[in-house]
Amino acid sequence: MATVRRSVALLGATGSVGTQTLDVLRREPDRFDLVAVAGSRRLRELAAVVREFRVVRVGIAREQDRAELREMVGPGVEILVGPEGLAALAASADIVVNAVVGFAGLPVTMAALASGRRLALANKESLIAAAPLVESVRATPGAEILPIDSEHCAIHQCLAGSAGEPGRPDVRRLILTASGGPFRGWTREQLARASTTDALRHPTWSMGAKITIDSSTLMNKGLEVLEASALFGVAADRVTVVVHPQSIVHSMVEYVDGAVIAQLSRPDMRLPIAYCLGMPDRLDHAWGQLDFTSAFALTFEPPDVEAFAALPLAYEAARLGGAAPAWLSAANEVAVAACLEGRVAWRDIVPIVSGVMDSYEPGPLSSIEELYAHDARARELARALVEVVA
Ligand code: NAD
Ligand code: MG
């Protein structure tokens, strides 16, 4: 049976998820047409993608890069700039892959859903910050979110095979697995001396710098609790985290009768990416294939929430609701950026976020303008705390 060709916009094409998405697209030239890409830096790599896939529209973050990119891609390619550019590109394809990092991915999420597209979502920060707003644009006819984040993609797969209504009364809880990051088992005293270089050595996944740091503080798992709650309409207190160092079980769903359904595969992001692109078809590439002919063990342990305070902070943000998750994520972005720039130490990240959350100013979150105001205020407070620590 011939498959229907679908157009794809890949925003954040030069990053870790972006380049792995290109790898999937390269192997499926008959299924997908890459029609739009975007990236913020690495113009040379971006131009190479434009040439390889004959992409007709490309987005960049800064106006000052336009001339240099034009030089590299030639006259026939449309160049769009900034958040408006990202939004226009996100409204222009059947499938929109949001592989931008951070709150900068918001225009992609909102525009893709508002224009009734399939959103293949890696950019968790936009969903977490804008959850109440996403909830309404998600109702646009044709709009759907398929999660690329491996845990959420696993849950999507575990839910697909079962009956149940929206809100899932038959689901008791979602169980997110966490590798535990490079500092699993470290005591608080050891963690106080952890370096950024140590934090950037993830044991099982190779990812962009921001999410790698988030994995080392467990803030990534905290953000994923908020992400799961928003995606699946399950309250955060029904989302549990379990440490599973092998990163083979990508997450699980526990049903009311106690049955637990899990999704297993080797840790390779191309599997969840291909799942989101191909749905309802599974693409025939054995990215996640496990070898059961040799022995291996799967272990599970509870997270150390004393040593990793980011996790309770995320649950607290979920309990507060409203704009609290947006504040948490914004403060974390500022603190992680300061850490990556060497301005604060790794151990300062979570206390900075916690300090911002202590000053949380609840307020309405019913429009994008209000969300930008919350985001700006949280960042301002986080920057002030960075100055104190630096
Ligand atoms: P990365 O830093 O490797 O790549 C980020 C991409 O976003 C780059 O292409 C960059 O140019 C682009 N970008 C950043 N700001 C932009 C802007 N203003 N306009 C246009 N493009 C912009 O990050 P990553 O690791 O690929 O992660 C991307 C997202 O996916 C994050 O939200 C992360 O949490 C999520 N995620 C990543 C992985 C992974 O394996 N890397 C797994 C799960 C979820
Ligand atoms: Mg994940």
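Indexing begins at 1, ligand by ligand and atom by atom, following the structure's order. Treat the numbers as computed from the prediction; the structure is a model and nothing was measured.
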Seminar exercise, completed: Sorted by chain and residue number, the ring-ring contact (aromatic ring centres under 6.0 Å, His included) partners of Tyr360 (sequence neighbours excluded) come out as Trp327
Problem set entry | Check: His250 side chain, Leu176 main-chain N or O, donor-acceptor pair, under 3.5 Å | no
Exercise. Taking everything shown except Arg54 itself, do over 12 heavy atoms lie less than 6.0 Å from its CZ?
Worked result: no
For this session: Using the six-membered ring wherever Trp is involved, compare the ring planes of Trp346 and Phe183 and label them parallel, tilted or perpendicular (cut-offs 30° and 60°).
Result: perpendicular
Exercise. Using the ring of each side chain (for Trp, its six-membered ring), is Phe300 parallel, tilted or perpendicular to His244, with breaks at 30° and 60°?
Worked result: parallel
Exercise. For ligand 1, what are the residues with a heavy-atom contact below 4.0 Å?
Worked result: Gly12, Ala13, Thr14, Gly15, Ser16, Val17, Gly39, Ser40, Arg41, Ala61, Leu86, Ala99, Val100, Val101, Ala104, Ala122, Asn123, Lys124, Glu125, Asp149, Met207, Gly208, Ile211, Met269
Exercise. Would you say Arg138's side chain and Ala143's backbone share a donor-acceptor pair under 3.5 angstrom?
Worked result: no
Exercise. Using a cut-off of 2.8 Å, how many protein N, O or S atoms lie below it in distance from the Mg ion (ligand 2)?
Worked result: 3
Seminar exercise, completed: Residues passing the ring-ring contact (aromatic ring centres under 6.0 Å, His included) test with Phe53, sequence neighbours excluded, are none
Seminar exercise, completed: Distance col, row Leu146:CG vs Cys276:SG, nearest 0.5 angstrom, shows 5.0 Å
For this session: For the residue pair Asn123 and Ser126, confirm or rule out a side-chain donor-acceptor distance under 3.5 Å.
Result: yes
